[in-house]
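Step one of this worksheet: look at the structure below.
Just so we're clear, the structure is a prediction, and the values are computed from it rather than from any experiment. Sequence lines set the chain letters: A, B, ... in the order given, protein chains first and strands last, and positions in each chain run from 1.
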Amino acid sequence: MTLSEALASEFPTYRAFFMKPPIPLLEIKELYVNYGGIQALQNIDLTVNAGEVVTLIGANGAGKSTTLRAISRLINPRSGQIVYQGRDITRRPAHEVVQLGIAHSPEGRRVLARQTVLDNLELGAYTRSNLAAVRADLDRQFEIFPRLAERRLQLAGTLSGGEQQMLAIARALMSRPKLLLLDEPSLGLAPAIVLEIFSIIRDLRATGVTILLVEQNAKLALERADRGYILEAGRITLTGQASNLLNDDLVRKAYLG
Amino acid sequence: MAGFLSTYGFLIVSMVMGALLGLSLYLPLMTGQLSLASPGFYALGGYIAAILSTQVFKVSDGLYPIGLVLLEMSIAGVVSGVLGVLVGIPALRLRGIYLAIATIAFVEVLRVLSLNLDITGGAVGIFGIPQPFLTPIEYLWIVIPLLLMSMVLLYRLERIRLGRAFTAIREDELAAGAMGIDPTYYKVLAFTLGAILAGVVGAVSAHFLNTWNARQGTFDASIVYLTSVLIGGTRTFVGPVLGGMVFTALPEVLRAIADTAGLPLWLAQFLRDGRLIIFGLLIVLGTIFFPQGLVTPDLFKRRKDRKSQS
Amino acid sequence: MDITLFVQQFLNGLSIGSIYAIFALGYTLIFSILGIINFAHGALFTLGAYFTYALMGEAFGLNGLLANAALPVKLPFALALILGSALAGLVGVAVERIAFRPLRRKRADSLLTVVSSLGVALVIVNLIQYLVGAENYTFPGNTYGNLPAAINFGTAEKPIPIRTVQVVIFGVSVVILTILTYFINRTKYGKAMKAVAEDPITASLLGINTDGFIVLTFFISSFLAGLAGTLVASSVSIPGPYFGIAFGLKGLAVIVLGGLGSIPGAVLGGVVIGLIEAFVPADYSAYKDAFAFGILFIMLLVRPQGLLGRRFVQKV
Amino acid sequence: MIDENLTTSNPILEAKSLNRTFGGLVAVNNVSFTVNKNEIFGLIGPNGAGKTTLFNMITGLIEPSSGQMFYQGEEISFLRPHLIAKAGIARTFQNIRLFGDLSALENVTIARHIHTKSGFIRGILGLPPAPSEEIRNKQKALELLDLVGLSDRAFEKARNFPYGDQRRLEIARALALEPQVLLLDEPAAGMNPSEKNQLSEFIRELRSQFNLTVILIEHHVPLVMGLCDRIAVLNFGKLIALGDPAQVRTNPAVIEAYLGSD
Amino acid sequence: MKKTAVRTSALFVAFAFLLSACTQTNSGPAPTTTTNPSPTAGSSNAIPIGIALALTSNVALLGQEGVAGAKIAEKYFNDKGGIDGTPIKLVIQDTGGEEAGAINAFQTLITQSQVVGIVGPTLSQQAFSADPIAERAKVPVLGASNTAKGIPEIGDYVARVSAPVAIVAPNSVKAALKINPNIKKVAVFYAQNDAFSKSETGTFQETVKEQGLDVVTVQKFQTTDTDFQTQATNAINLKPDLIIISGLATDGGNLVRQLRELGYKNIIIGGNGFNTSSIFTVCKALCDGVLVAQAYSPDHVNEINKTFRTTYLNQYKKEPPQFSAQAFAAVQVYVEALQALDKKSEISKLPLAQLRTELNKQLLAGKYDTPLGEIAFTPVGDVIQKDFYVAQLKVDKDGNNGKFAFLK
């Protein structure tokens with residue numbers, strides 16, 4: 001890692017002012033993933049720049065979650081490259097990727113149902129050793145998600161769906177990620193809570209966290225994102241500024257009902 | 001050839017019986033149920049034959065009539081079958097490792113009972129079991145037809161409605177239920193067929209071994225047959241047959257290899273005394289490199305499909 | 001029942017149970033993390049006892065490859081115990097590498113892993129026999145220094161003797177239970193371990209090195225196996241390479257009764273089976289094992305998750 | 001409560017105050033509805049609303065905590081899955097539960113189980129009518145594969161099929177039961193828009209060809225609106241709307257919970 | 001197309017057969033060599049004697065002791081010129097602990113190694129299984145450690161040098177009464193999964209009753225048990241004056257140790273299973289004083305025992321156990337019977353079948369002065385042993401050196 005890269009990764013301002021063009025935070029090149037006998041992803045090229053919110057739109061089974069799972073290294077690509085902050089992480093083990101600053105709030109929330117809310121959050125900061133900073137972040141999460149504060153000693157499995165989703169996001173934030181992968185944060189949630197969660201996403205963006213968002217609710221996602229990619233049957237069929245996609249006829253027809 | 005047969009006659013018959021016991025474990029496995037109960041039914045069948053032939057039928061001199069052996073086999077089969085249903089109905093609600101443990105417990109309970117009851121001769125067991133044949137190799141007259149029958153039965157089974165129901169349950173019990181297949185019924189059926197087969201083989205085995213005691217059909221035996229099935233192959237009956245034979249013969253083969261002239265002394269020594277180490281290594285390597293066993297249906301299928309398509 | 005006799009049998013039950021418990025602790029730990037029964041646990045238990053024996057500088061017998069061999073060192077029991085258990089732990093780690101990890105990588109059926117672990121058990125047991133023969137070995141008489149052979153929990157007229165070593169084992173099981181419970185429920189690494197147990201995928205998303213924790217689990221489990229093996233051997237000698245195998249089967253009953261994967265369950269299950277065995281009337285003592293396995297069988301049918309286990313719900 | 005004035009005289013499936021809880025969590029909360037014969041009935045709602053739980057209750061995979069279910073006038077609330085299948089209710093699964101190691105043909109042939117009568121002895125010995133039954137089954141299975149357009153891949157392992165083909169194969173398998181009622185759990189998931197259109201067409205064809213009643217769970221709103229005769233909307237386990245597409249589309253509760261307000 | 005599977009499996013069967021056939025041809029005519037060949041063993045005309053004992057499994061210890069004794073005998077008699085100049089040669093086959101293993105070993109010895117007779121197998125249960133094989137093949141078998149009832153009765157070709165329990169056991173009870181005439185209450189322990197222990201305890205209990213003593217409790221255990229706290233305290237509570245244990249060395253030794261640790265102070269009698277020096281490694285100093293009736297004593301005074309004992313001591317650095325002595329005696333019976341036979345008609349000229357039959361007749365007829373003392377056989381083949389011994393275990397304080405001290 002060069003000095004400028006290091007500076008860029010540590011100080012977003014440095015990157016913003018001194019480095020042009022901005023190096024992408026995450027770059028996926030010609031990614032292919034096979035699931036069993038099926039080609040789940042084919043020739044995916046995708047870029048996420050620092051500070052952006054990028055969303056992936058597509059039908060069930062189109063490969064959105066698979067893309068996130070490939071980035072957080074839960075699955076092995078057949079070929080292609082995943083480059084994060086200029087380094088190739090295509091073959092790194094999942095837990096090292098977390099240390100590099102990528103957090104993944106997975107599909108279906110996957111909170112640790114048998115542990116308390118507090119334990120879940122503390123495990124979110126597993127990779128960090130500065131206990132004081134972790135404590136401060138913990139308080140911050142409870143500020144953002146006051147419902148979690150109320151239930152801090154409750155087992156995560158007993159939370160409602162919306163609360164679990166909040167816990168999943170808060171837990172991901174506990175690792176102080178540079179890149180947050182959010183998989184269907186609105187899944188199964190009441191509209192009011194969905195809006196709440198999306199306002200949190202907006203707040204997060206303001207703090208400089210880069211977000212790659214997978215969302216079923218295409219409209220909401222595109223409204224909140226800078227850019228978007230449309231996935232169909234494992235391929236990227238369309239990409240562009242979110243506002244342009246929102247107004248695209250084909251997209252409207254297929255995903256915005 | 002005569003020399004070969006009299007040296008290895010016992011082993012050859014043992015191999016066939018190993019194949020049969022492999023099949024008895026394979027039957028429940030066809031529905032995806034790992035049952036280690038076969039040795040229990042094997043032991044039960046053996047006791048039935050031992051008690052009948054030494055205390056009930058009591059043929060004084062000369063060779064024991066084969067007809068009576070067949071009768072014992074039938075009785076052993078019926079009793080094992082009934083017990084199989086009785087144990088199977090409650091036990092088969094369990095899955096995976098829980099079923100395996102439950103059947104281990106069943107075998108252990110049977111073992112302790114046979115060790116303590118008077119009728120089973122306690123620890124000494126029952127000895128002086130009469131012989132229907134002069135030499136061990138002649139037992140092939142019983143076990144080969146039994147094996148062929150079982151193989152034909154399984155060959156047919158794998159191709160009809162019943163076998164398809166078994167396979168469906170193995171692949172996905174829940175989906176099978178949604179297809180109108182009663183999983184409980186077929187699981188118990190497969191378990192019971194395995195029990196009957198094990199019981200019948202036990203009955204032959206009691207005569208074959210001359211004696212019967214609580215050391216027959218224990219947990220250790222379960223492991224050997226389980227290994228032979230898993231490594232032989234769990235997807236077609238050919239696997240357990242092959243596996244049962246090879247794993248029964250393996251200790252003796254290693255023993256014979258150890259006797260080969262010209263081997264370094266340490267190697268011969270290792271082959272002789274370290275047989276079980278080799279056996280264990282084979283188990284580990286087999287499960288890692290041949291998780292579906294050595295014989296898979298694909299071996300046969302590829303050709304078959306091509307033919308039926310053309 | 002006469003009260004003295006009752007107390008005697010109760011304490012006997014606890015002491016037998018503590019042996020089962022100490023065996024079962026490591027056994028159940030693996031299940032709680034990986035969801036598999038490690039049949040090699042009994043073999044590692046045996047191995048630990050042999051390691052400690054060797055580290056104490058005692059000589060081996062004549063029937064193995066290492067006939068009459070003895071290490072040049074003579075460690076005191078406590079030190080040999082720790083080192084011997086640690087060696088067993090390392091063997092456990094090797095076992096994980098060789099026999100478990102490849103199967104996990106292939107996402108193989110957990111039953112295959114069970115079979116593989118049986119293969120490992122067979123190898124270890126027979127390797128021991130090949131190397132040091134089938135003889136029994138006993139630790140030197142002064143293993144526990146000058147402690148009396150038995151402690152009387154009754155009066156002089158109505159003695160209720162319990163062997164000191166049993167009391168030690170009981171104490172050690174309680175200490176291990178406490179430490180394990182504290183480690184798992186109170187420390188960061190324990191919680192991470194629980195996370196690996198509950199959902200390895202989520203755990204790796206939190207930056208937890210799941211493979212590392214699995215190795216750690218195997219080390220702890222095998223360390224405990226070795227420790228338990230040595231302690232039990234100090235009570236009853238090492239009767240031969242098959243020593244731990246009998247415990248393996250009984251241990252299965254113990255952990256299923258307590259609840260597969262439940263650590264307090266292992267101790268509870270051990271104590272319950274110990275007590276049941278102690279209270280089997282003398283005339284029926286021959287059926288002792290049948291009781292244990294009969295209870296196991298019934299338990300599985302009635303409450304497969306065991307006394308303290310959690311029920312698994314299959315997702316449709 | 002929903003006004004049930006649309007009930008016609010021809011109900012085939014009837015749910016009466018169905019409830020199901022999972023350890024304190026109410027998955028299905030007092031749901032009642034009636035499905036008419038030959039109807040295409042849609043079930044929509046956010047994830048976790050209880051749609052699949054409802055399917056599982058209809059097909060006997062889980063028992064209702066309370067309430068009743070009637071099929072052709074007979075109670076089926078506590079029947080085991082295979083008996084419900086036998087009675088004429090077939091389904092597909094959200095997460096596709098094919099017999100992955102078996103060929104497409106075998107998958108469909110297995111589902112002919114209830115239409116084959118020869119038992120153990122006849123089957124093994126190949127006595128009549130077993131052989132002719134076997135041949136008939138195979139023909140029937142091939143016909144069904146042809147119907148879903150998979151006959152050229154009949155001998156391939158199901159797990160090697162692409163996603164969309166697996167969904168089609170699951171439908172063929174369910175049809176092999178010759179059901180009266182077909183339950184489809186997200187049949188269009190993973191299909192592209194043109195495939196989705198084809199699927200709509202196909203489901204309509206099926207209905208007329210086999211005289212079926214179809215109940216389907218689907219997220220893709222245009223498909224549901226275009227295909228279904230009536231639609232039930234679930235949210236947090238409760239039935240919040242029931243009616244024809246036009247009624248549902250304009251129902252404010254539905255817009256708030258599911259369709260989203262603009 | 002349907003035939004494919006059948007054909008393939010047939011092929012596999014054939015392959016499996018072939019495999020065993022090949023290995024047989026590989027081994028060729030040269031029969032199995034012992035693991036410790038004696039100087040003359042290489043010569044082709046050596047007379048093969050089969051040793052079928054357990055070298056593996058959980059009874060390996062007993063088998064290994066037997067093999068040690070037999071090997072000493074092989075060397076001893078070959079050094080003395082064998083059978084009129086022709087050496088004997090042991091062919092050792094592992095029986096494992098299973099019945100099938102014993103049968104396989106017997107088969108191999110009989111047909112492949114062409115032995116004149118067999119010593120073995122280790123366990124009585126194995127004998128019930130394997131001896132009929134030898135009987136049918138008309139090959140003499142000498143049991144060296146089979147003590148259960150009914151072994152010689154298996155057939156004409158089956159005999160044993162191991163005295164059955166009924167004869168040995170009572171001696172130790174008498175010895176105990178000699179030490180303490182006030183014995184009244186007796187507690188009996190036995191390993192219920194061991195055929196031998198089970199029949200031995202019967203004899204013990206009869207003897208106790210004959211002596212007018214009172215059996216206050218019978219406690220059962222298993223040879224695989226390790227913890228005897230419950231049984232031990234059960235018995236100690238009844239305050240017995242004598243405890244009689246029938247078990248094998250490891251479990252029996254453990255039981256002794258736990259009885260002592262729990263405070264039992266009176267006399268303990270151990271059964272025949274205690275007849276091995278490995279008992280000392282189990283209970284160490286706590287074994288001290290245990291009485292054991294023996295079919296063999298290292299202290300027995302005769303020439304052959306002196307040589308045997310010295311050789312064993314030199315080689316293994318401990319006193320020879322009973323099973324070694326019995327295996328030695330079994331080999332000796334074969335050697336001396338062969339010698340006697342050779343004097344009548346030259347054995348090298350006899351066809352093997354006839355040699356085996358003649359040898360069987362001859363060995364039953366003879367008298368032998370063995371390390372066990374003088375032995376002969378009943379017509380059915382049971383051993384008639386002149387001397388029995390009662391030994392008391394003597395162990396020094398630190399438990400490292402133990403020996404069987406002779407009582408007379």
Rounded to the nearest 0.5 Å, what separates atom [atom1] in [X] from atom [atom2] in [Y]?
{"X": "C:Leu205", "Y": "A:Arg73", "atom1": "CG", "atom2": "CZ", "answer": "11.5 Å"}
{"X": "A:Arg110", "Y": "C:Ile201", "atom1": "CZ", "atom2": "CD1", "answer": "4.5 Å"}
{"X": "A:His104", "Y": "C:Thr202", "atom1": "NE2", "atom2": "OG1", "answer": "9.5 Å"}
{"X": "C:Leu206", "Y": "A:Tyr126", "atom1": "CG", "atom2": "OH", "answer": "10.0 Å"}

>> Within the 4.5 Å heavy-atom criterion, are C:Asn209 and A:Pro93 side-chain neighbours or not?
In response: no

> What do you reckon, is CZ of C:Arg107 surrounded by more than 12 foreign heavy atoms closer than 6.0 Å?
Replying inline: no

>> Atom CZ of residue position C:Arg97 - does it have more than 12 heavy atoms of other residues, nucleotides or ligands inside 6.0 Å?
In response: no

>> Quick check for you: among A:Leu181, A:Thr127, A:Asp119, which has the greatest number of heavy-atom pairs under 4.5 Å with chain C?
In response: A:Asp119

> So which of A:Arg69, A:Arg171, A:Gln99 has the biggest tally of heavy-atom pairs under 4.5 Å with chain C?
Replying inline: A:Arg171

Answer with side chain, backbone, both or neither: which region of [X] has an atom nearer than 4.5 Å to a non-hydrogen atom of chain C?
{"X": "A:Val111", "result": "backbone"}
{"X": "A:Glu122", "result": "side chain"}
{"X": "A:Ala113", "result": "both"}

>> Checking an interface table here. Which of residues 182-200 of chain C come within a heavy-atom distance under 4.5 Å of chain A?
In response: C:Lys188, C:Tyr189, C:Lys191, C:Ala192, C:Lys194, C:Ala195, C:Glu198, C:Asp199

>> With chain A as the partner, which of C:Ser204, C:Gly212, C:Ala203, C:Gly207 has the greatest number of non-hydrogen pairs under 4.5 Å?
In response: C:Gly207

